[in-house]
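Remarks on the structure that follows.
Residue numbers begin at 1 in each chain, while the letters A, B, ... track the order of the sequences.
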2 protein chains.
Amino acid sequence: MPVPTNSDLAAAPAIEPLKVACASCNLRELCLPVGLNAGEIDRLDGLVSNRRSVTRGEHLFRNGERFEALYAVRTGFFKTCVGSEDGRDQVTGFQMAGELLGLDGISSDRHHCDAVALEDSSVCVIAYSQLEDLSREFTSLQHSFHKIMSREIVRDHGVMLLLGNMRAEERLAAFLLNLTQRLQARGFSPSALVLRMTREEIGSYLGLKLETVSRTFSKFQDDGLLEVKQRQLRILNQAGLQALVNNSRC
Amino acid sequence: MPVPTNSDLAAAPAIEPLKVACASCNLRELCLPVGLNAGEIDRLDGLVSNRRSVTRGEHLFRNGERFEALYAVRTGFFKTCVGSEDGRDQVTGFQMAGELLGLDGISSDRHHCDAVALEDSSVCVIAYSQLEDLSREFTSLQHSFHKIMSREIVRDHGVMLLLGNMRAEERLAAFLLNLTQRLQARGFSPSALVLRMTREEIGSYLGLKLETVSRTFSKFQDDGLLEVKQRQLRILNQAGLQALVNNSRC
DNA sequence: CGTGGTTTTGAAATGATTCAAGCGGAGTGG
DNA sequence: CCACTCCGCTTGAATCATTTCAAAACCACG
């Protein structure tokens with residue numbers, strides 16, 4: 001099976017230049033429109049009309065900027081990071097197609113993190129005030145939006161568990177399983193993947209130094225769990241990774 | 001100045017047995033009703049009529065239980081924790097008066113963590129479906145609720161930064177400053193406090209072992225930052241703690 | 001006044017980091 | 001097309017922070 005790239009998820013621009021309505025979007029089951037009927041999706045489309053391209057390395061938004069919209073990843077891959085007064089920063093997540101960016105901004109009308117594209121990407125711009133208006137009209141949209149926010153909270157708690165309790169190998173194994181699971185939900189191979197982020201970014205997310213990430217990749221390869229060629233990965237023993245995550249030390 | 005206990009926040013039950021309406025609650029500026037006008041608060045009261053007492057050590061809800069309501073802490077103190085398949089668990093937060101519990105449950109109609117009272121406590125029960133209904137009616141309630149969820153996400157990202165980047169002393173200093181700041185917002189002394197949780201629970205929250213927490217308390221005391229008598233703390237040098245958090249190593 | 005849970009403290013062990021060097025691949029310009 | 005360079009990655013060895021194990025002290029409680 002050839003390894004698909006994330007951009008395969010997008011319709012080829014030349015062929016289908018502007019057909020980017022929620023109703024025809026193959027992400028609608030993963031994105032905000034889940035559970036909406038056709039008429040509701042049409043209305044949602046009304047406020048998601050605006051799209052934006054973000055090239056690799058570019059910021060979608062920055063900490064401190066005024067918050068006005070949420071962004072749904074259409075194609076590509078992002079990271080979000082928060083920084084402290086002194087120079088430290090922490091990657092708080094990696095977002096792929098169908099996932100929402102900017103939820104942190106609602107709290108104070110300012111973004112509280114940076115969102116950076118890790119590859120050329122495109123997003124749907126969802127004007128937040130209009131989303132609030134529409135979700136007062138449609139129970140299903142309101143509910144779906146609340147679920148998405150709540151899911152982010154649950155995800156964050158999982159990361160806390162990872163950062164607070166797991167050792168390097170367990171963290172990396174959990175990270176890889178999470179990544180492949182999300183890719184699989186988007187129709188990609190569960191075993192072959194291309195990392196869009198550096199070892200340092202993985203390390204920042206997992207609370208490890210890049211050298212530790214690299215060493216752990218090598219160890220997984222030695223143990224026959226993984227085949228690592230730079231950013232090309234192949235999972236050889238998914239159950240083995242899962243066992244690492246489950247058993248603290250056995 | 002005498003050290004107030006958290007329960008001073010509640011009206012003495014004998015004197016004011018059932019006057020527990022949002023409109024007359026001294027937590028309304030910290031809780032869900034922020035920004036609501038009198039009429040709206042009255043309506044909110046309609047769905048917050050139900051109260052519940054939770055004694056020390058008792059669970060308010062457990063991971064896996066059906067989610068039906070949010071809980072606003074009226075008096076007392078809670079912890080929330082998530083656990084992995086194997087026995088590890090991670091304290092994800094400590095909640096005091098005015099803070100909301102249960103937001104994680106919205107994502108899948110099941111609670112994803114345990115909430116345990118760390119002292120005898122009482123909560124307002126907020127039927128979630130009714131809250132959704134009412135927040136379709138009142139923009140201000142809708143907005144306030146969204147802000148609360150978003151604030152939780154921002155808080156979680158801050159904890160990730162702490163767990164991913166800081167060393168033991170920085171973590172504990174950040175934790176103490178956060179705690180005193182929240183207590184101060186509730187009218188308590190910014191310098192004297194009584195911990196409601198064990199060293200182990202602090203450690204779980206901060207990704208440290210209880211011995212490390214204890215040692216770090218001792219070190220802070222030796223350094224003149226803190227006076228530690230078991231769970232009684234007095235902050236002697238707040239700026240010193242703040243400096244610890246800001247400067248990674250200088 | 002004992003009892004159990006919590007906390008403190010010490011000493012040894014461990015896992016991750018730091019520092020340092022070398023490798024490799026992608027992209028650039030001659 | 002090749003050599004060069006840069007950036008990301010790998011690997012080793014020494015160091016360091018935190019954990020682990022163990023013992024004792026302390027406090028609240030019945």
Sugar-phosphate only, base, or nothing, as touched by B/Gly203 at under 4.0 Å among non-hydrogen atoms: nothing

Residues in side-chain hydrogen bond (donor to acceptor under 3.5 Å, both in side chains) contact with B/Asn63, at least two apart in sequence or another chain: none

Euclidean distance, B/Ser53 OG relative to B/Glu58 CD, rounded to 0.5 Å: 9.0 Å

Whichever of A/Met166 and B/Met197 has its nearest DNA chain C nucleotide further upstream toward 5': B/Met197

Sugar-phosphate only, base, or nothing, as touched by B/Ser214 at under 4.0 Å among non-hydrogen atoms: base

Atom pair distance, as rounded to whole Å: NZ in B/Lys209 and C1' in C/dA16: 15 Å

A/Arg215, nearest nucleotide to its side chain (from D/dT10, C/dA11, C/dT17): C/dT17

Straight-line distance of A/Ser214 OG to A/Leu208 CG, nearest 0.5 Å: 12.0 Å

B/Gln221, CD atom: more than 12 neighbouring heavy atoms under 6.0 Å: yes

A/Arg231 atom CZ: more than 12 heavy-atom contacts under 6.0 Å: yes

B/Tyr71-B/Phe78 aromatic ring centre distance below 6.0 Å: no

Nearest-Å distance for atom pair NZ/P, residues B/Lys219 and C/dG10: 14 Å

Protein-nucleotide distance (A/Arg56, atom CZ; D/dC7, atom C1'), rounded to Å: 11 Å

Length of the CZ-P vector between A/Phe217 and D/dG8, whole Å: 16 Å

Sub-4.5 Å side-chain heavy-atom contact between A/Arg196 and A/Phe94: no

Selection from C/dA16, D/dT18, D/dA22 that lies nearest to any side-chain heavy atom of A/Thr212: C/dA16

A/Glu170 CD to D/dT19 P, straight-line distance once rounded to whole Å: 14 Å

Helix axis bend for the helix from C/dC1-D/dG30 to C/dG30-D/dC1 - C1'-based end axes, five pairs, 10° rounding: 40°

Residue closer to the 5' end of DNA chain C, A/Gly207 versus B/Val213 (nearest nucleotide): B/Val213

Sugar-phosphate, base or nothing in reach of B/Ser218, heavy atoms under 4.0 Å: sugar-phosphate

Residue A/Leu210, side-chain atoms from C-beta onward, closest of D/dT10, C/dT6, D/dG8: D/dT10

Rounded distance (nearest 0.5 Å) linking atom CG of A/Leu179 with atom CG of A/Leu233: 8.5 Å

Whole angstrom value for the distance that separates P of D/dT10 from CZ of A/Phe220: 13 Å

N or O in side chain of B/Arg199 less than 4.0 angstrom from C/dT8 OP1/OP2: yes

N or O in side chain of A/Arg167 less than 4.0 angstrom from C/dT14 OP1/OP2: no

From A/Arg182 atom CZ to A/Met96 atom CE, the distance as rounded to the nearest 0.5 Å: 4.0 Å

Pairwise side-chain contact, B/Leu193 with B/Ile235, heavy-atom cut-off 4.5 Å (strictly under): yes

Between P of C/dA16 and CZ of A/Arg171, the distance in whole Å: 7 Å

Footprint string (nucleotides 23-30 of chain D, 5' to 3'): B base within contact, S backbone only, - free, heavy atoms under 4.0 Å: ----S---

Atom-to-atom span, CG of A/Leu195 to C1' of D/dG8 - whole angstrom: 13 Å

Residue A/Glu211, side-chain atoms from C-beta onward, closest of C/dT17, D/dT11, C/dT6: D/dT11

